[in-house]
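Notes for the one structure printed next.
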Amino acid sequence: MGTFMGGVKSFGVTFSHMFKKTVTTEYPEKPDATAPRYHGRHILNRWPDGLEKCIGCELCAWACPADAIFVEGGDNTDDQRFSPGERYASNYQINYARCIFCGLCIEACPTRSLTMSNEYELARDSRQDLIFTKEQLLAPLLPGMEQPPHAMRLGATEKDYYLGAMSNPGTSAGAETR
Amino acid sequence: MGLEEKLPSGVLLTTVQGLVNWTRKASFWPATFGLACCAIEMMATGAARFDSGRFGMEVFRASPRQADLMIVAGRVSQKMAPVLRQIYDQMPEPRWVLSMGVCASSGGMFNNYAIVQGVDHVVPVDMYLPGCPPRPEMLLDAILKLHDKILAEPLGAGGRKMLAAKEAREGKPVVAPGAMPSSYRYNKQLRQEWEQAAAEGREEQLRIEKWMERKR
């Protein structure tokens, strides 16, 4: 009798699950929120006037353990200015077929130009499409931003930008305090 | 890809194509090819929380003869490459390959003599999924993108001819099959926004904009 009840008891465990809350996520229709600091695809940020934050220093490329980042620096001139200061990234690529989303590039970036979003739906059917170019990585122009090249609007020199970075973060807002 | 290749090209296949592709995508049995840490996420995708059974693929076949999709999960060493090819050759047509994780897609951070620099050196790959390892949602997204590709696949020589004629008439679709993120494709409004942004060539900016809105 005891062995019989033992068998029935195990069915009871299975049956009780009928009344428990379902754990399955409804992914494509209603995706779960990621952790706030989830390492997703990168963003190249802008200053509030639309100038790019990237100065083409290649520290992200040097920090990358998978060699996924390619940067080519270019010189700013007074009539062709993309970022405050001397240099900007004339070419910037991240190869998502190599990137392991470790975040070392984010730590290396001296101007908070490179940050990560929580976007993760990156699968593509060719390796060429997985190489994101600068146009794809750059943050969109928010209201009040102007498409570079243009002159520095927020100060006379690049120092005004960098020293005011905490109160004037542009599209990397929120990344500074974390 | 399968039996339809043997049909004469004059046979009309337009609605049959839709039906066949639908059955192919709705019963998409994966062969396990777990090689490393990505396999753990692949197992999580099959388990209760993410439940790939919702898309008709809960049975991971250990036998390649009963599988349609090979999920290459993990880094492929030079020694494993012939085994991988053999498993692929044993799968019946039609078959698809999903390269899961950066190591399978390109070698990832292991740029050395021991690791094959991308499984596409060994087998044809239909979907590359980056991530190290990709979270289960990313794998589901890749599988759903593959579904999208399968639905648009022409059936046999006649189907290819019809697709070529349609593209000559209307041009290529704005968003290529398998290019739209699944959470956008499954939401009518987001889908329209993505298509519009893709026509302007700014779909990645749209994605960042949407993320910034959600973060606020």
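To find a chain, count down the sequence lines: A is the first, B the second, and so on, and within it residues start at 1.
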Whatever's closer than 4.5 Å to a heavy atom in chain A on Met100(B) counts as neither
Which region of Leu144(B), side chain (C-beta onward) or backbone (N, CA, C, O), has a non-hydrogen atom less than 4.5 Å from a non-hydrogen atom of chain A, or is it both or neither? side chain
Which one, Ala142(B), Gly131(B), Ala48(B), Gly178(B), leads in non-hydrogen pairs under 4.5 Å with chain A? Ala48(B)
Which atoms of Leu130(A) are under 4.5 Å from chain B, going by heavy atoms: the side chain, the backbone, both sets, or neither? side chain
Select all residues of residues 60-72 of chain A having any heavy atom within less than 4.5 Å of some heavy atom of chain B, and report them by number, or 'none'. Pro65(A), Ala66(A)
So which of Asp51(B), Leu190(B), Asp120(B) has the largest heavy-atom pair count under 4.5 angstrom toward chain A? Asp120(B)
Between Arg49(B) and Thr24(A), is there a donor-acceptor pair closer than 3.5 Å when you use the side chain of the first and the backbone of the second? no
So, Ser106(B) side chain and Ala97(A) main chain: donor-acceptor pair closer than 3.5 Å or not? yes
Which of Pro28(A), Pro31(A), Cys99(A) touches chain B most, by non-hydrogen pairs under 4.5 Å: Pro28(A)
Under a 4.0 Å threshold between the charged nitrogen and the carboxylate oxygen, would Arg135(B) count as salt-bridged to Asp32(A)? no
Specify which of Arg207(B), Arg214(B), Glu209(B) makes the most heavy-atom pairs with chain A at under 4.5 Å. Arg207(B)
Under 6.0 Å from the six-membered ring centre of Tyr27(A) and within 45° of its axis: does the NZ or CZ of Arg54(B) meet both? no
Okay, Pro134(B) and chain A: the region with an atom under 4.5 Å from a heavy atom over there is neither
Side chain to side chain contact (heavy atoms under 4.5 Å, CB included) for Arg127(A) and Val125(B)? Distances and angles first, verdict last. CA-CA 10 Å; Arg127(A) 274 166 83 162; Val125(B) 175; over 6 Å; no
Who passes salt bridge (Lys or Arg N to Asp or Glu O under 4.0 Å) against Glu121(A), sequence neighbours left out? none
Tightest non-hydrogen contact, residues Ala139(A) and Met212(B), listed as CB-CE, 4.5 Å
The interface call for Lys210(B) against chain A, heavy-atom contacts under 4.5 Å, is neither
Value rounded to 0.5 Å, distance of CD1 in Ile208(B) from CG in Leu137(A): 7.5 Å
Checking Leu138(A) against chain B: side chain, backbone, both or neither under 4.5 Å from a heavy atom? both
Residue part contacting chain B, namely of Thr171(A), when any heavy atom lies under 4.5 Å: both
Between CG of Leu129(B) and CG of Asp125(A), what distance do you get to the nearest 0.5 Å? 12.5 Å
Side chain, backbone, both or neither: which part of Tyr120(A) has a non-hydrogen atom closer than 4.5 Å to chain B? both
Determine the option with the most heavy-atom pairs under 4.5 angstrom with chain B, choosing from Glu29(A), Arg124(A), Lys30(A), Gln136(A). Arg124(A)
Spacing of CG belonging to Leu140(B) relative to OG1 belonging to Thr25(A), to within rounding of 0.5 Å: 7.0 Å
